[in-house]
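Structure record follows, encoded as structure tokens.
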Amino acid sequence: MRGRLGSGRLVAMIKVENLTRKYGAFVAVDNVSFECRPGRVTGFLGPNGAGKTTTMRIMVGLTPATSGRVSIGGYDFKDIPNPGRHVGVLLDASAQHAGRTGREILTIGAETMGLPKSRIDEMLELVSLTPAESKRRLKNYSLGMKQRLGIAHALLGDPEVLILDEPANGLDPAGIRWMRGLLKSYADRGGTVLLSSHLLNEVELIADEMVLIGNGRIVAQGDKKSLLANSAHDESLVTALDNEALATALRQRGFSVTPAGEGLRVTAQPVEVGRTAAERGIVLTDLRAAEGGLENLFLELTASTQREAPTSLQAPTPEGTVA
Amino acid sequence: MTTSTAPLTLDVSRTPAVPFLRLVRVEWRKMTDTRGGFWLLLITGILVLLTLLGVSLVGLLSDMGSTEIGFEDLYLQVMLIPVSLLVPVFAITIVSSEWGQRTNMVTFALEPSRLKVLLAKLVVAVLMAFATLVVAAICAAIANVVVAAGQDYSPSWSVDGQKLFVSVVVQVLAFVTAFGLAMCIISTPAAIAVYYIITLILPLIAYSILYFAFGWFRDVIPWLDFSYAATPFMSEFWPNGDPTTVDGLAWARLASATFLWLVVPLGVGLSRILRAEIK
Ligand SMILES: Nc1ncnc2c1ncn2[C@@H]1O[C@H](COP(=O)(O)OP(=O)(O)OP(=O)(O)O)[C@@H](O)[C@H]1O
Ligand SMILES: [Mg+2]
């Protein structure tokens, strides 16, 4: 791979600066800025309609920005000569001619980029599509096979940068693990990866860095640890020999306590809980920060943009009856 | 995020821009590698063969031995018809199928210059037009030899240069018009429908009736319809029997029809696609 990096890990390969895209009065992407560094997998996370795809389409010149700019390796995407050799793009794995075979789709890509035919077989092998499968038409591909073909297409030109929209969509757990391995080793060789998802679990598994977007706006970014550190995770799970006594003591100090499994969930940091227990001489058998901090954070940060699920799905009222 | 220094720069020295001829080759491949393309070619091939067989048989069996038929008539009057009927659809789908199948996202991610991609496609459409002309000429030559041999006269190869030139222009223009309409309309079925309404159905049904019914229509239509504008260059008579003349007026009408069906669709379509959001 070209563009391998030694020490300079803090330089940005992708720079998105104050990007805004409006559709009439509706702001789909609102003053978005973030950076992606070589050697890292950056996850672009947000609920449906948050503006991930729009941002990525702007990045590769398919959608004009209303304002702001994107540079990839110092270039505007449209100014990169033979961009497939530098930036691998997968925006929608189904956006290929349904009547072409997987091999034909890769052949067209390879021919455009001026790559040898051998590259096609290499890529097919890399994404575990068998020769027989590569001769099937795309319309007969499963979702996961389309996704693999899309990844193969993005990697054809041996690019330094990958921009992937929902690449794990449709992959089974083994497929997600495979993708994680693939992208990790790609990043370890100095590649820069930006991938989007609306599923926290996926991104958590694959990405080193995260950019959280909701309602077109960036709500948080950083690596997983710093994200958690920044969000004051003031919930603890605690189990004591005498849960009753501990609950009473904690309530006296103004924390709210609810039973959780064997123990209690407390709206206090573990250090506060431990202090209270020590003062009262209560023996703890387990004390930790409440799990799902990242998930809570995600839901919290994007709360205003979540699509509310109906509280209950009601059976239709039989006709003629009066409700 | 972090304290960022100057952005990293891609080394693009070893990847020159995609050469235009490579784009043309890829676009030709994309036009012919699908089932739709295959059937279109197959049906056109069958049409051409049937026409060749038919005209040869009729020529051989006819008892009008004294009226000799030559290459010019076989080419212009007979063999150009089967290659003009369906093939312009290629010039439509080469544009519209990118939207219908949403391959445009991949195409323009590999070559962000939309103008370059569209020019490559236009070149492919024009190449296709020339290919149909060559096929028609070869078939006309075969029929010419066969009929002349069967009727026992030596085949005539004389061709009027002006007629030949205009026939080439008409054929190429048909493809470019189809291409331009496809860029304006984008939807494959709608573009095909509009193309055939303009080039086939209106002239056959409406124009021919109006032409004989109204004097003003006879004055107006050569400015608007390309085949009427080309009539003075192709034939000695207008459909109503008036003699034609190749004069300044004839050229002005040809220019007007060309502008209407070449420049306008191309211009409108190009500006539309260059500014569109690709999704
Ligand atoms: N052409 C358009 N006109 C109007 N609104 C648009 C247009 N394109 C996108 N939008 C809106 O912009 C918002 C962002 O869409 P986008 O596809 O970027 O979301 P996303 O984050 O990719 O969501 P998902 O996870 O569902 O893929 C949506 O509300 C969408 O309806
Ligand atoms: Mg999306």
Side-chain angles (χ1 to χ4, degrees), chain A residues 2-3 5 8 10-15 34-35 37-38 53-54 57 60-64 71-89 91-92 94-100 104-105 107-109 111-114 137 153 157 160-161 163 192 209 211 221-222, chain B residues 1-39 93-94 97-117 120 273-279:
Chain A
R2 283 159 282 112
L5 279 180
L10 286 178
V11 288
M13 180 59 105
I14 300 177
K15 263 181 126 135
F34 63 90
E35 297 182 349
R37 289 181 278 148
T53 304
T54 306
R57 270 208 316 269
V60 298
L62 296 178
T63 293
S71 85
I72 300 177
Y75 288 84
D76 233 9
F77 183 83
K78 68 172 178 4
D79 296 329
I80 303 175
N82 203 348
R85 301 290 301 276
H86 298 283
V87 185
V89 178
L91 287 182
D92 184 343
S94 325
Q96 285 285 7
H97 199 295
R100 292 199 179 108
E104 178 66 16
I105 286 167
T107 305
I108 289 170
E111 224 173 87
T112 309
M113 289 182 244
R137 289 168 193 279
H153 195 277
E160 293 102 321
V161 179
I163 295 178
T192 308
E209 311 257 351
V211 177
Q221 52 185 308
Chain B
M1 193 178 282
T2 35
T3 51
S4 62
T5 56
L8 202 70
T9 310
L10 288 171
D11 174 15
V12 297
S13 59
R14 264 167 303 171
T15 60
V18 182
F20 185 70
L21 280 182
R22 197 154 84 203
L23 281 181
V24 171
R25 211 173 55 227
V26 170
E27 290 301 336
W28 183 278
R29 180 179 187 124
K30 281 157 70 176
M31 182 177 69
T32 47
D33 74 351
T34 60
R35 258 191 201 172
F38 171 79
W39 283 108
T93 55
I94 196 176
S97 87
E98 292 261 10
W99 271 256
Q101 298 281 340
R102 298 168 63 229
T103 45
N104 49 10
M105 290 206 272
V106 175
T107 303
F108 292 128
L110 291 182
E111 178 48 72
S113 166
R114 299 184 194 175
L115 186 63
K116 210 167 135 190
V117 171
I273 290 187
L274 292 187
R275 275 178 297 158
E277 192 181 13
I278 308 292
K279 56 186 347 185

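Here is how names work: the chains are called A, B, and so on, in the same order as the sequence lines, proteins then strands, and each is numbered from 1. All of these numbers come straight from a predicted model, not from anything done at the bench.
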Chain A interface, residue from B/Arg114, B/Glu111, B/Arg29 that has the most non-hydrogen pairs under 4.5 Å: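 When all of B/Arg114, B/Glu111, B/Arg29 are compared, B/Arg29 has the most.
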Contact winner vs chain A - B/Val106, B/Asp33, B/Val18, heavy-atom pairs under 4.5 Å: B/Asp33
Side chain to side chain, A/Thr63 and B/Lys279, heavy atoms closer than 4.5 Å: no
Side chain to side chain, A/Arg100 and B/Gln101, heavy atoms closer than 4.5 Å: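 No. Closest side-chain heavy atoms not under 4.5 Å.
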Exercise: identify the closest heavy-atom pair between [X] and [Y]:
| X | Y | result |
| --- | --- | --- |
| A/Tyr75 | B/Leu10 | CE1-O, 3.7 Å |
| B/Ala109 | A/Pro83 | O-CG, 3.6 Å |
| A/Pro64 | B/Arg275 | CG-O, 4.5 Å |
| B/Phe108 | A/Phe77 | O-CE2, 4.5 Å |

A/His97 versus B/Thr34, side-chain donor and acceptor atoms under 3.5 Å: no
Structural part of B/Val26 lying under 4.5 Å from a heavy atom of chain A: both
Part of B/Leu23 lying under 4.5 Å from any heavy atom of chain A: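 Side chain of B/Leu23 only, per the 4.5 Å heavy-atom cut-off to chain A.
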side-chain hydrogen bond (donor to acceptor under 3.5 Å, both in side chains) partners of B/Glu98, counting only residues at least two apart: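 side-chain hydrogen bond (donor to acceptor under 3.5 Å, both in side chains) check on B/Glu98 returns B/Lys30, B/Thr103, B/Thr107, B/Lys121.
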When heavy-atom pairs shorter than 4.5 Å are enumerated against chain B, which of [options] gives the highest number?
| options | result |
| --- | --- |
| A/Ile105, A/Ile108, A/Val161, A/Thr192 | A/Ile108 |
| A/Ala95, A/Gly114, A/Gly84 | A/Ala95 |
| A/Glu104, A/Met113, A/His153, A/Lys78 | A/Glu104 |
| A/Leu91, A/Asp92, A/Val60 | A/Asp92 |

Distance (rounded to the nearest 0.5 Å) between B/Glu277 CD and A/Arg57 CZ: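 One gets 4.5 Å once the value is rounded to the nearest 0.5 Å.
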A/Ile80 side, atom CD1; B/Thr15 side, atom OG1 - distance, nearest 0.5 Å: 8.5 Å
Set of residues satisfying salt bridge (charged side-chain N to carboxylate O under 4.0 Å, His left out) with respect to B/Arg25, sequence neighbours excluded: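 So B/Arg25 forms no salt bridge (charged side-chain N to carboxylate O under 4.0 Å, His left out) with any residue.
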